[in-house]
There are 2 protein chains.
Amino acid sequence: MKIALIGFGAVGQGLAEILRDKGAELEAYHGFRGEIVAVATRSRGTLYHPDGLDAALLLDAIGQGHLAHYPDVYGLTRDWDAATIARRCNAGVLVEASPSNLSSGQPALDYCYTAFESGKDVVLANKGPLVAAGESLRARARQTGRRLLFEATVMAGTPSLRLALDALAGCKITAARGILNGTTNYILTQMESGQSYEDALAQAQAAGYAEADPSADVEGWDAAAKLIILAGALFGSAPALRDLDVQGITALTAADIQAARAAGERWKLIAQITPEGGVVRPTRVPLNDPLAAVSGATNAITYTTDLLGEVTLVGAGAGRLSTGFALLSDLLALHRQGGA
Amino acid sequence: MKIALIGFGAVGQGLAEILRDKGAELEAYHGFRGEIVAVATRSRGTLYHPDGLDAALLLDAIGQGHLAHYPDVYGLTRDWDAATIARRCNAGVLVEASPSNLSSGQPALDYCYTAFESGKDVVLANKGPLVAAGESLRARARQTGRRLLFEATVMAGTPSLRLALDALAGCKITAARGILNGTTNYILTQMESGQSYEDALAQAQAAGYAEADPSADVEGWDAAAKLIILAGALFGSAPALRDLDVQGITALTAADIQAARAAGERWKLIAQITPEGGVVRPTRVPLNDPLAAVSGATNAITYTTDLLGEVTLVGAGAGRLSTGFALLSDLLALHRQGGA
């Protein structure tokens with residue numbers, strides 16, 4: 001399977017690392033041979049070779065700061081931009097792993113359309129295209145007969161979508177409710193051990209969980225974006241981001257946290273979606289709710305189903321290898337279905 | 001898909017109920033049409049009709065106590081025993097849902113062999129064949145080119161096996177650890193609210209969670225059997241039941257429970273399996289372990305993986321519809337793969 005990769009940050013590098021380290025195992029157990037033929041970054045160069053790039057050399061080059069450090073080999077192209085790669089490279093799958101723009105979805109959205117039109121399936125780690133234009137994106141995939149997978153966008157490698165759509169196939173899912181943002185859960189966990197919101201946020205930033213501008217996380221928009229993606233996947237249509245009822249954790253005080261603790265409860269930023277709409281809101285959950293035990297940067301999701309009642313999945317919601325695995329998992333699914 | 005059903009207790013009835021109530025939905029969304037052609041019980045009659053039995057009428061008949069109440073229709077056979085059904089009926093799949101015999105696996109084991117040899121795939125809710133002769137059973141499936149699925153045997157409909165084998169495909173699973181017996185977890189949860197072991201057991205029996213002879217549950221053998229099944233599925237080979245280190249909950253006192261509680265911990269009957277072996281043992285787990293929040297008759301399993309760290313699945317581990325769904329889920333998997 002020939003793969004074109006847009007974006008080569010932690011997530012793209014995670015995939016390259018897995019292909020480098022587990023290539024033989026993937027071929028032996030799954031008959032899968034994934035080969036990166038193109039990599040496009042915004043400011044660190046692009047590469048295309050129709051016969052494949054070497055994952056170890058790609059990681060070495062980006063480790064030195066720029067794809068210019070990838071060795072010259074016959075047939076290598078260094079001057080195609082991402083749009084040209086999406087259109088003209090010989091990959092069967094475009095993997096979009098550049099940073100999410102939740103309002104326009106661009107430029108990733110156009111790359112997806114281009115990929116479909118030039119006969120490529122699309123695997124997303126980037127939430128933007130699904131949140132900004134999920135319906136149009138799904139329609140374009142159908143019209144062009146291509147496939148669109150996006151496990152990485154909800155809980156990274158913890159297979160929230162594959163559980164819902166494959167393992168629970170035959171059940172009707174009526175609601176999804178969970179802890180979908182690791183940064184805020186890390187902050188809330190730290191606050192339970194007595195820290196103020198400000199100190200916990202600073203610590204999350206120091207630990208690399210929160211960005212310099214943490215607003216998308218702490219104001220609830222990252223979790224809300226994931227609800228939009230879940231709604232599209234579970235219910236076939238999704239509300240707009242602006243139609244969700246979204247509240248972050250910025251107003252929670254140490255006193256709020258302690259009051260919940262005294263009552264045998266915990267504050268969690270709970271995101272919930274049903275076919276009727278979605279809510280993101282700090283919520284006190286009792287200790288016997290499986291979501292109460294989810295601490296630190298871990299994520300969790302509970303599906304409400306007709307035949308099984310509630311089914312909960314807990315696991316890492318971020319991380320280089322975890323998100324890289326989510327991409328691999330989608331690639332393996334395309335491989336199993338054949339044709340890519 | 002034509003289905004022969006051995007055993008028509010709660011589990012088999014759960015499957016019949018789902019096929020009766022969700023037939024149209026399953027056909028619309030999954031292109032799946034499941035038809036029960038044969039039902040065999042030990043003491044409540046057997047039925048076979050090559051053109052299919054009506055699920056609603058089957059449920060009515062068994063509700064009246066015996067399959068003799070199923071109406072006479074042209075082509076109906078009432079005198080085939082289970083072995084004859086396994087060999088001679090025209091089903092593509094044999095579903096074995098009679099009570100488990102963990103030491104010999106019989107008579108279910110022979111029905112499985114017969115089914116394979118007569119060209120049928122096998123779906124198990126019965127743990128016996130896998131625990132008593134898992135290796136031989138898997139070998140016979142391979143030799144005859146038939147398929148063997150058994151989601152129902154570990155956590156009923158909560159898809160512990162499908163998660164591990166499909167959704168986590170590409171990860172290496174190095175250990176599984178969980179709460180695999182709902183009866184003991186119910187008793188431990190009751191004891192936390194102050195009941196003695198004896199009272200909690202009596203209440204579990206009254207609520208239908210524990211059998212009159214509760215030894216398989218409370219002495220840990222049910223959880224151990226599930227470890228054997230997990231080992232075969234995850235690692236390709238399994239120890240014998242007698243080689244596991246198994247301890248139940250019968251020695252736990254109210255004082256033990258309260259001591260854990262005072263230390264911010266909870267007693268859980270934890271079952272763990274690795275390629276090196278398996279252990280079932282009452283264990284004090286800290287409250288921030290996802291397994292600590294699993295209360296009542298709920299089950300949970302945590303997989304340790306190379307790429308994702310720990311992934312935990314929580315859900316119902318028993319129940320008519322839940323276990324019926326597990327069977328449906330295996331049937332849908334066979335349907336997706338084609339040929340049944």
Side-chain angles (χ1 to χ4, degrees), chain A residues 14 17-18 21-22 25-26 29-30 32 151 155-172 189 285-296 298 300 302-303 305-316 319 321-322 324-326 328-329 331-333 336, chain B residues 14 17-18 21-22 25-26 29-30 32 151 155-172 189 285-296 298 300 302-303 305-316 319 321-322 324-326 328-329 331-333 336:
Chain A
E17 227 173 287
I18 294 170
D21 298 342
K22 300 191 70 156
E25 184 185 324
L26 292 169
Y29 290 113
H30 303 282
F32 173 83
E151 184 70 80
M155 276 170 60
T158 305
S160 55
L161 295 172
R162 204 142 273 129
L163 173 67
L165 301 177
D166 295 348
L168 296 179
C171 272
K172 188 179 165 81
T189 302
V285 298
L287 286 181
N288 64 354
D289 186 315
L291 298 184
V294 176
S295 60
T298 305
T302 298
Y303 294 109
T305 72
D306 57 347
L307 298 176
L308 295 178
E310 297 197 336
V311 178
T312 299
L313 183 69
V314 183
L321 284 182
S322 175
F325 168 72
L328 172 70
S329 178
L331 296 172
L332 284 172
R336 278 195 300 272
Chain B
E17 227 174 285
I18 294 170
D21 297 342
K22 299 190 71 154
E25 184 186 325
L26 292 169
Y29 289 113
H30 303 282
F32 172 83
E151 184 70 80
M155 277 171 58
T158 304
S160 56
L161 294 172
R162 205 140 272 130
L163 174 68
L165 301 177
D166 294 348
L168 296 179
C171 272
K172 187 179 165 79
T189 302
V285 297
L287 286 181
N288 64 354
D289 187 314
L291 298 184
V294 175
S295 59
T298 305
T302 298
Y303 294 110
T305 73
D306 58 347
L307 298 176
L308 294 177
E310 297 196 336
V311 177
T312 299
L313 183 68
V314 183
L321 283 181
S322 176
F325 168 73
L328 172 69
S329 178
L331 296 172
L332 284 173
R336 278 195 300 273

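Every value quoted in this text rests on a predicted model; they were computed, and no experiment measured them. Proteins come first, then strands; the chains are lettered A, B, ... in the order of their sequence lines, and each starts at number 1.
For B:L332, the part lying under 4.5 angstrom from a heavy atom of chain A is the side chain only. Proximity to chain B (any heavy atom under 4.5 Å) is shown, for A:A292, by neither the backbone nor the side chain. Using a 4.5 Å cut-off between heavy atoms, B:I18 contacts chain A through its side chain alone, with no backbone atom that close. Only the side chain of A:S295 comes within less than 4.5 Å of a heavy atom in chain B; its backbone stays farther off. Within the 4.5 angstrom heavy-atom criterion, only side-chain atoms of B:L26, from C-beta onward, approach chain A. In this structure, chain A has no heavy atom under 4.5 Å from any part of B:V294. For a residue to count as touching a neighbouring chain, one of its non-hydrogen atoms must lie under 4.5 Å from one of that chain's; by this rule B:A167 touches chain A with backbone and side chain alike.
Nearest heavy atom pair, residue A:L308 against residue B:S322, reads CD2-OG, 3.2 Å. Of all non-hydrogen atoms in A:H30 and B:A169, the two that sit nearest each other are CE1-CB, 3.7 Å. A:Y303 approaches A:S160 most closely through the heavy-atom pair OH-O, 2.6 Å.
Checking side-chain atoms of B:E151 against main-chain N and O of B:L161 turns up a donor-acceptor pair under 3.5 Å. A donor-acceptor contact shorter than 3.5 Å links the side chain of B:T158 to the backbone of B:A316.
Most heavy-atom pairs under 4.5 Å with chain A, from the set B:G324, B:C171, B:G315: that is B:C171. Counting heavy-atom pairs under 4.5 Å between each of B:L291, B:L168, B:D166 and chain A puts B:L168 at the top. Of the listed residues A:P290, A:A293, A:A156, A:G14, the one with more heavy-atom pairs under 4.5 angstrom with chain B than any other is A:A293. Taking chain B as the reference chain and counting heavy-atom pairs below 4.5 Å, the highest number among A:E25, A:K22, A:R336, A:E310 is found for A:K22. With respect to chain A, the highest number of heavy-atom pairs below 4.5 Å among B:V311, B:L313, B:L307 belongs to B:L307.
Considering CG of A:L321 and OG1 of B:T305, their distance stands at 10.0 Å, rounded to 0.5 Å.
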